[in-house]
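In what follows, chains carry the letters A, B, and so on, assigned in the order in which the sequence lines appear, proteins first and then strands, with residues in each chain numbered from 1.
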Protein chains: 2
Amino acid sequence: MKFSTRAEYGLKAMINLAHTFPGQKSIKELSEEESISLKYLERLMGTLKKNGLVLSTKGQSGGYVLSKKPSQMTAGEVIEALDGPIAPMKCTSSNCAIAKSCNSSTIWTELEHQIKKTLYGYTLKKLTDKK
Amino acid sequence: MKFSTRAEYGLKAMINLAHTFPGQKSIKELSEEESISLKYLERLMGTLKKNGLVLSTKGQSGGYVLSKKPSQMTAGEVIEALDGPIAPMKCTSSNCAIAKSCNSSTIWTELEHQIKKTLYGYTLKKLTDKK
DNA sequence: TAATATCCTACCAAATAGGTATGTATTGAT
DNA sequence: ATCAATACATACCTATTTGGTAGGATATTA
């Protein structure tokens with residue numbers, strides 16, 4: 001059971017952007033500061049943008065900004081944007097037909113709830129204050 | 001973020017064994033009742049045995065039994081036996097050098113704690129009673 | 001117009017998941 | 001003693017995911 005490094009890298013980059021908020025920062029700066037491959041981070045920022053979590057300006061002196069205040073953006077949003085829906089077991093996401101009579105389903109459902117509660121409980125602001 | 005079907009299948013099989021406890025049951029029966037490929041389940045039971053969660057008797061009319069009472073065996077044990085250590089991010093398992101100054105590490109650590117709390121909070125007995 | 005960004009798409013290697021195939025060893029029943 | 005049923009072991013296979021790289025197109029500004 002693991003989250004991908006996508007989620008790790010993305011969260012790090014978003015925390016970095018939370019620090020500089022409401023200023024913007026280029027991928028180049030982000031990748032150097034967080035030691036993430038520039039080309040890979042480029043793709044991650046692309047999907048974060050597609051999901052509306054960051055805004056971008058192109059061209060020279062362009063870069064990325066958070067689309068919301070750090071106090072209003074949660075780690076859960078970032079992670080689901082990059083890794084897809086949080087659903088620890090297929091049966092919790094795909095409406096299993098036998099869920100009602102299945103002994104296992106309760107545990108996966110509760111687990112999903114706990115994970116979401118934790119991840120959506122952390123705003124980027126909370127994470128930047130942590131240090 | 002997903003657990004493997006290994007964990008799902010294994011947990012189902014163990015819940016089944018909890019129902020028949022302290023009786024034993026063959027892989028053939030288990031695989032038919034839970035609709036899991038016999039050969040695949042064979043392997044899963046093998047690793048469960050290696051981890052001491054089940055006992056087996058070979059030969060005709062052989063099979064598997066839980067090594068502990070259902071009230072003393074948790075879903076967490078089963079899942080970690082099959083899927084490896086519960087550690088949502090590499091940095092929480094491999095003693096990252098910069099963990100203390102890392103803004104992200106707290107969230108992964110808390111998440112790991114919450115997941116373990118949930119999974120080790122469910123005994124097989126609790127799951128069999130659920131229906 | 002040159003430099004610096006984002007953006008877009010295709011490719012790639014390694015690992016993992018999920019499963020099959022084949023055979024061996026052990027035991028109970030006939 | 002033999003046969004059938006079972007656990008046990010290992011090698012193989014295919015598809016998907018992960019974590020990247022490569023090369024360029026597009027937009028903006030100095």
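- The outermost nucleotides of DNA chain D lying under 4.0 Å from heavy atoms of chain B, listed 5' to 3', are D/dA4 to D/dA11.
- Using a 4.5 Å heavy-atom cutoff, the side chains of B/Gln72 and B/Lys69 are in contact.
- Between B/Thr57 and A/Gly46, the residue whose closest nucleotide on DNA chain C is further toward the 5' end is A/Gly46.
- A/Thr74 places none of its side-chain heavy atoms less than 4.5 Å from the side chain of A/Tyr122.
- Of the possible donor and acceptor atoms, none in the side chain of B/Gln24 sits under 3.5 Å from a partner among the backbone N and O of B/Leu17.
- Judged by distance alone, the side chain of A/Glu80 and the main-chain N or O of A/Pro85 form no donor-acceptor pair under 3.5 Å.
- Mapping A/Lys49 and B/Arg6 onto DNA chain C by nearest heavy atom places A/Lys49 closer to the 5' end of the strand.
- Residues from residues 59-70 of chain B placing a heavy atom under 4.0 Å of any atom in DNA chain C, listed by number, are B/Gly59, B/Gln60, B/Ser61.
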Given A/Glu77 and A/Lys68, is the salt bridge (Lys or Arg N to Asp or Glu O under 4.0 Å) satisfied, shown in steps?
CA-CA 12 Å; A/Glu77 292 175 76; A/Lys68 295 190 272 185; 2.8 Å; yes
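- Side-chain atoms of A/Leu111 and B/Ile115, non-hydrogen and from C-beta on, do get closer than 4.5 Å to each other.
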Take A/Leu38 and A/Ile27, measure what side-chain contact (heavy atoms from CB on, under 4.5 Å) needs, and give me the verdict at the end.
CA-CA 7 Å; A/Leu38 186 138; A/Ile27 290 185; 4.1 Å; yes
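- Across all strands shown, A/Arg43 has heavy atoms under 4.0 Å from base atoms, whether or not it also approaches the sugar-phosphate.
- Judged by distance alone, with hydrogens and angles left aside, the side-chain atoms of B/Thr5 form no donor-acceptor pair with the main-chain N or O of B/Glu8 at under 3.5 Å.
- Taking 4.0 Å as the cutoff to heavy atoms of chain A, we find the contact window on DNA chain C bounded by C/dA3 to C/dA10.
- Nearest-nucleotide assignment on DNA chain D puts the 5′-proximal partner with B/Lys28, out of B/Lys28 and A/Phe3.
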Begin from the C-alpha positions of A/Val54 and A/Ser67 and carry the test side-chain contact (heavy atoms from CB on, under 4.5 Å) through to its verdict.
CA-CA 5 Å; A/Val54 290; A/Ser67 64; 5.8 Å; no
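- Relative to the ring axis of A/Tyr9, A/Lys12 does not place its NZ or CZ within 45° and under 6.0 Å from the centre.
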